[in-house]
Amino acid sequence: MGFTHAYVIVDWDNVLREDGRPGRYAWERGEPSDLDNFLRAARANGLALVIRLDRPRAWSHGTLSGLDPAIMERFAHGVASRAAGVATAYEVLNEPNLPYEWGGPPDPVGYARLLYAARRAIRRADPTAHVLAAGLSPYTGGHGGSMEDVDFLRGLYAAGASGRDGTFDALAAHAYAGDRPPELDPWSCGMCFRRVERYRQIMEERGDGATPIWITEFGYVHATRLTLGPYDWMKVAPQTQAERIVAAYRYAQAAWPWLRGMVLFNLDYSTVPWNPPQSGAHWFSLLNADRSPRPAARAVADWLNSPEASR
């Protein structure tokens, strides 16, 4: 299709155990892991990886605010040592402004500690890797104990984290637009593609304008008659999905010189049983469940292989 990178998720407890026994990492124990599967596939297909270091599914300490940064450092160092030469960037955790992801009340100070520990470990293992501060869930409105994305970002800077000071190399952003076209002014809408410009404003206000942004999630929901709960309002016609994804690429390329990468969510979540047709992830996909292309897949491939995109 023309993609150069694949974005993959490495769950903590699929790779590292902290039970005190020898052989902390799966490969040291001769066990399979998602990471080794990803590395094998990337090498075979000539793709670089962007790896999200994901949280443990269940740990006794509860919220990640209580996690010893030394454990984060071990996890990040082990993954980056194993993936050096294939992975080009690492996103440290996911949407920490959500209680579900953080394991408790969102805590920019606690996240800053883990981010710093992860970057120190990753750069020790691979000095060429880029470490991304986690993309935030956009425009939460504070519902369910969440912290608004712009407030969390301000809190992260207030905690002393910045690209300028070496806490991260780039800020990740989740640039979802709901059912809206990507060109909408970010001060006239809530969840919209150009909300990324509000993050950029905060970065510049904090003297961090030299630090780039990577979009690590964006996309549109292919229409279905099924009820998708909170994703229902995001549904757009198949051709509209195709057109708006390409329009987002075009807008970002033309207007955002500080953007260094865009990860489209998603290619193939529809093809696996743990993302059933009733899930939103199933309908963000470029492929149908049988792996045949949706209109968006063809449109994205045409764009990625066009002279316009190569500029």
Side-chain angles (χ1 to χ4, degrees), residues 5-40 42-43 47-56 59 61 64-94 96 101-102 107-135 156-157 159-172 203 208 210-214 216 260-261 263:
H5 293 62
Y7 182 94
V8 298
I9 301 169
V10 175
D11 283 329
W12 202 314
D13 45 5
N14 181 257
V15 169
L16 176 68
R17 66 183 182 194
E18 286 291 323
D19 56 13
R21 290 179 290 168
R24 282 195 171 116
Y25 298 101
W27 45 89
E28 294 175 345
R29 304 189 297 270
E31 296 175 1
S33 72
D34 290 337
L35 178 59
D36 281 344
N37 290 339
F38 294 143
L39 293 173
R40 190 178 307 112
R43 290 186 179 109
L47 288 168
L49 294 183
V50 179
I51 295 177
R52 186 172 94 200
L53 301 176
D54 214 36
R55 67 182 179 87
W59 273 8
H61 61 69
L64 289 170
S65 294
L67 178 67
D68 182 349
I71 301 177
M72 167 61 89
E73 199 162 343
R74 280 197 289 274
F75 171 49
H77 186 266
V79 172
S81 297
R82 190 75 167 172
V86 179
T88 188
Y90 297 85
E91 185 171 7
V92 181
L93 304 176
N94 180 59
E101 293 287 353
W102 186 247
D107 177 10
V109 175
Y111 178 69
R113 282 196 299 268
L114 298 185
L115 177 59
Y116 183 79
R119 184 182 186 274
R120 182 170 58 224
I122 291 166
R123 295 302 288 269
R124 192 168 70 247
D126 181 359
T128 67
H130 301 276
V131 179
L132 314 182
L156 189 62
Y157 276 104
S162 74
R164 182 185 66 253
D165 295 336
T167 314
F168 52 91
D169 300 301
L171 178 71
M203 295 173 74
D208 207 19
T211 300
I213 292 177
W214 289 43
T216 53
R260 293 294 179 271
V263 175

Checklist line | Close side-chain approach of Thr167 to Arg119, heavy-atom, < 4.5 Å | finding: no
Margin query: Looking at Arg55 and Asp11, is there a salt bridge between them, counting it only when a charged N and a carboxylate O are closer than 4.0 Å?
Written below: no
Check: Any side-chain heavy atom of Asp54 within less than 4.5 Å of one from Asn94?
Finding: yes
Note to self: Which heavy atom of Tyr90 sits nearest to which heavy atom of Ala84, and what is that distance?
What the structure shows: OH-N, 4.5 Å
Margin query: To the nearest 0.5 Å, what is the distance between CG on Leu53 and CG on Leu16?
Written below: 11.0 Å
Check: Where do Leu171 and Thr211 come nearest, in terms of heavy atoms and distance?
Finding: N-CG2, 4.4 Å
Checklist line | Sub-4.5 Å side-chain heavy-atom contact between His130 and Phe168 | finding: no
Note to self: I'd like to know if the side chain of Asp126 reaches the main chain of Ala80, judged simply by a donor and an acceptor atom lying under 3.5 Å from each other, with no hydrogens or angles considered.
What the structure shows: no
Next item on the list: Over all heavy atoms of both residues, which pair between Tyr7 and Thr216 is shortest? Give the atoms and the distance, please.
Entry: CE1-CB, 4.0 Å
Next item on the list: Kindly indicate whether the side chain of Val131, heavy atoms from C-beta on, has any atom under 4.5 Å from the side chain of Leu115.
Entry: yes
Next item on the list: Output yes when a side-chain donor or acceptor of Tyr111 lies under 3.5 Å from a complementary backbone atom of Ala134, and no otherwise.
Entry: yes
Notebook entry, point to check: Would a 4.5 Å heavy-atom cut-off, applied to side chains only, mark Met72 and Trp12 as touching?
Noted result: yes
Note to self: Let's go through Thr88 and His5 carefully: what are the C-alpha distance in whole Å and the side-chain angles of both, what is the deciding distance for side chain to side chain contact (heavy atoms under 4.5 Å, CB included) to 0.1 Å, and is it a yes or a no?
What the structure shows: CA-CA 9 Å; Thr88 188; His5 293 62; 3.3 Å; yes
Notebook entry, point to check: Is it true that a side-chain atom of Glu91 and a backbone atom of Ile51 form a donor plus acceptor pair closer than 3.5 Å?
Noted result: no
Checklist line | Close side-chain approach of Met203 to Ile213, heavy-atom, < 4.5 Å | finding: yes
Next item on the list: Kindly compute the distance separating CG (Leu93) from CG (Leu132), expressed to the nearest 0.5 Å.
Entry: 12.0 Å
Next item on the list: Using the side chain to side chain contact (heavy atoms under 4.5 Å, CB included) rule, take Trp214 and Val263 through it: C-alpha gap first, then chi angles, then the decisive distance, then the call.
Entry: CA-CA 8 Å; Trp214 289 43; Val263 175; 5.7 Å; no
Next item on the list: Please name the pair of heavy atoms, one in Trp102 and one in Pro96, separated by the smallest distance, quoted to 0.1 Å.
Entry: CB-O, 3.8 Å
Notebook entry, point to check: Side chains of Leu39 and Arg43: closer than 4.5 Å at any heavy-atom pair?
Noted result: yes
Next item on the list: Taking all non-hydrogen atoms of both residues into account, name the closest pair between Val79 and Val15 and its distance.
Entry: CG2-CG1, 4.1 Å
Check: What closest approach, in Å, do Arg29 and Arg24 show between heavy atoms, and which atom pair accounts for it?
Finding: NH1-O, 2.7 Å
Notebook entry, point to check: Going from CG on Leu64 to CG on Leu114, what distance comes out if it is rounded to the nearest 0.5 angstrom?
Noted result: 6.5 Å
Margin query: I need the Ser81 OG to Trp27 CH2 distance, nearest 0.5 Å.
Written below: 8.5 Å
Next item on the list: Run the numbers on Asp13 and Arg17 for side chain to side chain contact (heavy atoms under 4.5 Å, CB included), then give the verdict.
Entry: CA-CA 6 Å; Asp13 45 5; Arg17 66 183 182 194; over 6 Å; no
Margin query: Does atom OH (Tyr116) have a neighbourhood of more than 12 heavy atoms from anything else shown, all under 6.0 Å?
Written below: no
Check: Going from CD1 on Ile9 to CG on Asn14, what distance comes out if it is rounded to the nearest 0.5 angstrom?
Finding: 12.0 Å
Item checked: Ser162 versus Asp208, side-chain donor and acceptor atoms under 3.5 Å -> no
Check: Is there side-chain contact between Leu35 and Arg82, with heavy atoms separated by less than 4.5 Å?
Finding: yes
Item checked: Residue that, paired with Glu73, satisfies salt bridge (Lys or Arg N to Asp or Glu O under 4.0 Å) out of Arg123, Arg113, Arg124 -> Arg124
